[in-house]
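Quick caveat, the model's predicted, so the values are computed rather than measured.
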Amino acid sequence: MKTLFFPTSADSQPAPVLKKNSMDSSAAIIVSNLEVQYRNVLALQDVSLVVRLGGITGIIGPNGAGKSTLIKAMLGLTPVTNGIVLYNDEPLINQLDKVAYVPQRSQIDWSYPATVWDVVLMGRVRKAGWFRRFSSVSRQMAAAALERVGMSDYRDRSIGQLSGGQQQRVFIARALAEEAEIFCFDEPLAGIDKKTEAVIFDIFHELANAGKIVLVVNHDLGEAITHFNDLILLNTQLIASGSRTAVLSQENMNRAYRGQVVFFEGEAA
Amino acid sequence: MLEALIEPLQYSFMQRSLVIAVLVGIICAVVGSYLMVQRLALLGDAISHSVLPGLAIAFMIGADIFVGAFIAGVLSTVVITLIRTRSPIKEDAAMGIVFSAFFALGITLITIIQKDNKIDLNHFLFGNILGVTFDEVRNTAIISAIVVTVVVLLYKELLFYTFDPLGAQAAGLPVNLLNFGLMVLIALTIVASLTAVGVILVLALLITPGATAYLLVKRLNQMMILGAVIGIVASISGMYISYFFNLPSGPAIVLVASAFFTLALLFSPSQGILTYPQSNSDSYHLWRELKSLIRIKN
């Protein structure tokens, strides 16, 4: 069942894990001088970084640091005032068919008249093509994705009747059904149960091991942070990016949080 | 009883009205469902009021009034978007400003035309389903065919876009195009419905049948189909009420649709105010929600 999600096609074979954070690596996301401005408010300032394949990358920082904005800007979901984002040496916004994005749960109207099955099938809309119905392959992919997150029994349930954790798992299933190379999740761990958290990290590890890019906005600095291989620490500007242990230095955290209370207690070491 | 209903149908004007009633019932419910799930009910109201000046200008220059109305309707959404994106004015205020300005211009123009022509402002405002011409039936049929075809062909894309615009955009769907397409569908539907219900009440036919269905079913396609059935029944009933009691058809249709909504609101098996299953766990759930509300306020 698991292999179903990662068919080895020419351009998605598991690449060797990149140890170096070199700017010349072609099989990764390279962000250069990204800047986002909303009506005279600078949301992101001159952010340059590399997101490597085959690891789980967390985006952390205080409230209003531009964590969600970074993901949205990278995918072209919000207007960018400067900078460029490349994936395999091509602009990422021209390759959105390789991207699966899961928005914050709070951005969705959960009273929308749709069932769990409707939402998971949305992950197949792009692959199915214009004017066509979903193929049997698409249905199988959607069913397998739903099975993977343990939500098969809820197929015909209205999405509004689910708990927060169940809603999040349905969204993860939708992302899996997209057969993407780059997975972006905005606050997937906000307000969910322990069971869902375990399922989610299990899937993240599996995706990373298959050579996918997993990019996760994470507000919480609790023990969940040990699941991330790499971190991007933001506070409008980039404070640090790279391996978790290097980013979570006391100096970096002080610079990012500037005297705000930090729950984090040095478990990085 | 049945004879009394069938007998008027021997008149050709009644046959034309019947066709219009069915078509309008279908497309209003289908397109209106998109408005409702996107919380854009007010936009439907804005477009419908905005078609009036286009209609008047088309009449003055001898063009097809359907075309004029459609252009004005689409233009109003463009102006609303322009104000919203290029100024700090929010969307609801932009809608209010634009539709009242368009509406005022429309009333003014039609009042001027009325002096020299046999054109009745009331028909545009409140609908006159019994007075539709063969050309109007033909236009409405063409528009209905276009609307239903587009919705069927783009159903999965529009479902994705209206449920999760950001997710759809991130998947590479052309969301601006889908949004504009939806605006065009709404404008077309309103134009096609003008003769039956009029600009002031077309909103009710767009929203009420879909909202009634929303209380009874759980998927968008079911909502559209059941909404269309409710819309058809409401508009045919309205047509007869208009015929027997010599009332404007728009208010009659809307009152029937509103009665259906009231029934669903009270007696829906899953969501009805009077029939909602009140088990222990549910009241516990309600109590918990109340408590969480209080906590947020503190």
Side-chain angles (χ1 to χ4, degrees), chain A residues 39-40 68 71-72 74-79 92-105 107-119 121-134 138 156-161 171 174-175 177-180 182-184 186, chain B residues 32-34 36-40 85-89 149-178 181 210-227 270-271 277 281-282 285 288 292:
Chain A
R39 291 193 186 283
N40 306 327
S68 299
I71 282 197
K72 287 180 187 165
M74 287 170 67
L75 301 179
L77 305 180
T78 197
L92 179 59
I93 49 170
N94 297 341
Q95 311 171 71
L96 291 178
D97 53 330
K98 295 171 186 161
V99 173
Y101 168 76
V102 171
Q104 283 181 38
R105 225 154 29 81
Q107 291 199 356
I108 297 295
D109 172 13
W110 292 99
S111 65
Y112 192 101
T115 60
V116 167
W117 184 238
D118 288 329
V119 173
L121 272 180
M122 286 174 193
R124 300 300 301 176
V125 165
R126 184 61 200 253
K127 289 274 189 304
W130 291 96
F131 312 129
R132 301 217 184 132
R133 306 181 61 133
F134 293 108
S138 281
D156 298 319
R157 197 70 79 84
S158 288
I159 49 167
Q161 294 175 343
F171 262 12
R174 187 183 81 179
E178 287 188 56
E179 291 183 280
I182 300 164
F183 291 81
C184 302
D186 200 345
Chain B
S33 295
Y34 284 121
M36 202 191 114
V37 297
Q38 288 186 285
R39 306 187 175 180
L40 285 177
T85 53
R86 297 290 167 84
S87 79
I89 305 289
T149 307
V150 171
V151 169
V152 169
L153 286 179
L154 295 182
Y155 180 78
K156 66 182 190 310
E157 285 83 5
L158 286 173
L159 181 77
F160 195 175
Y161 168 66
T162 54
F163 172 66
D164 178 7
L166 278 181
Q169 194 180 353
L173 289 180
V175 288
N176 290 330
L177 202 64
L178 287 174
T212 309
Y214 175 75
L215 294 174
L216 299 166
V217 296
K218 58 183 179 183
R219 299 178 79 175
L220 184 67
N221 53 356
Q222 296 166 339
M223 184 173 147
M224 288 174 169
I225 292 167
L226 183 60
S270 54
Q271 330 250 358
S281 62
D282 280 326
H285 181 73
R288 212 173 39 193
S292 72

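- Proximity to chain B is absent for every atom of Leu121(A), based on heavy atoms less than 4.5 angstrom apart.
- Ranked by heavy-atom pairs under 4.5 Å with chain B, the first of Gln161(A), Arg132(A), Lys72(A) is Arg132(A).
- When every heavy atom of Lys218(B) is checked against every heavy atom of Ser158(A), the shortest pair comes out as CB-OG, 3.1 Å.
- In this structure, Asp156(A) CG and Arg219(B) CZ are separated by 7.0 Å, a value rounded to the nearest 0.5 Å.
- You'll find the side chain of Val217(B) stays beyond 4.5 Å of the side chain of Pro113(A), heavy atoms only.
- Contact count against chain B (heavy-atom pairs under 4.5 Å) is highest for Asp118(A) among Asp118(A), Val119(A), Ile159(A).
- Minimum heavy-atom separation, Tyr101(A) to Gly167(B): CD2-CA, 4.0 Å.
- Proximity to chain A is absent for every atom of Ser33(B), based on heavy atoms less than 4.5 angstrom apart.
- A pairwise comparison of heavy atoms in Lys156(B) and Ala128(A) identifies CE-CB, 3.6 Å as the closest pair.
- Both the backbone and the side chain of Ser111(A) come within contact range of chain B, judged by heavy atoms closer than 4.5 Å.
- The distance from atom CD of Glu157(B) to atom CE of Met122(A), rounded to the nearest 0.5 Å, is 11.5 Å.
- Neither the backbone nor the side chain of Val102(A) comes within less than 4.5 Å of any heavy atom of chain B.
- Residues Asp109(A) and Phe163(B) form no side-chain contact, since every pair of their non-hydrogen atoms from C-beta on lies 4.5 Å or further apart.
- Only the side chain of Tyr214(B) comes within contact range of chain A, with heavy atoms under 4.5 Å apart.
- Counting heavy-atom pairs closer than 4.5 Å to chain A, the top residue among Thr162(B), Asn221(B), Leu173(B), Val152(B) is Thr162(B).
- For a residue to count as touching a neighbouring chain, one of its non-hydrogen atoms must lie under 4.5 Å from one of that chain's; by this rule Leu75(A) touches chain B with the side chain only.
- Contacts between Arg174(A) and chain B at a heavy-atom distance below 4.5 Å involve the side chain alone, from C-beta outward.
- Shown here is Ile93(A), whose CD1 atom has no more than 12 heavy atoms of other residues, nucleotides or ligands within 6.0 Å.
- With a threshold of 4.5 angstrom between heavy atoms, Gln107(A) approaches chain B through side-chain atoms but not through N, CA, C or O.
- For Leu159(B), the parts sitting under 4.5 Å from any heavy atom of chain A are the backbone and the side chain alike.
- The closest side-chain heavy-atom distance from Tyr112(A) to Leu220(B) is below 4.5 Å.
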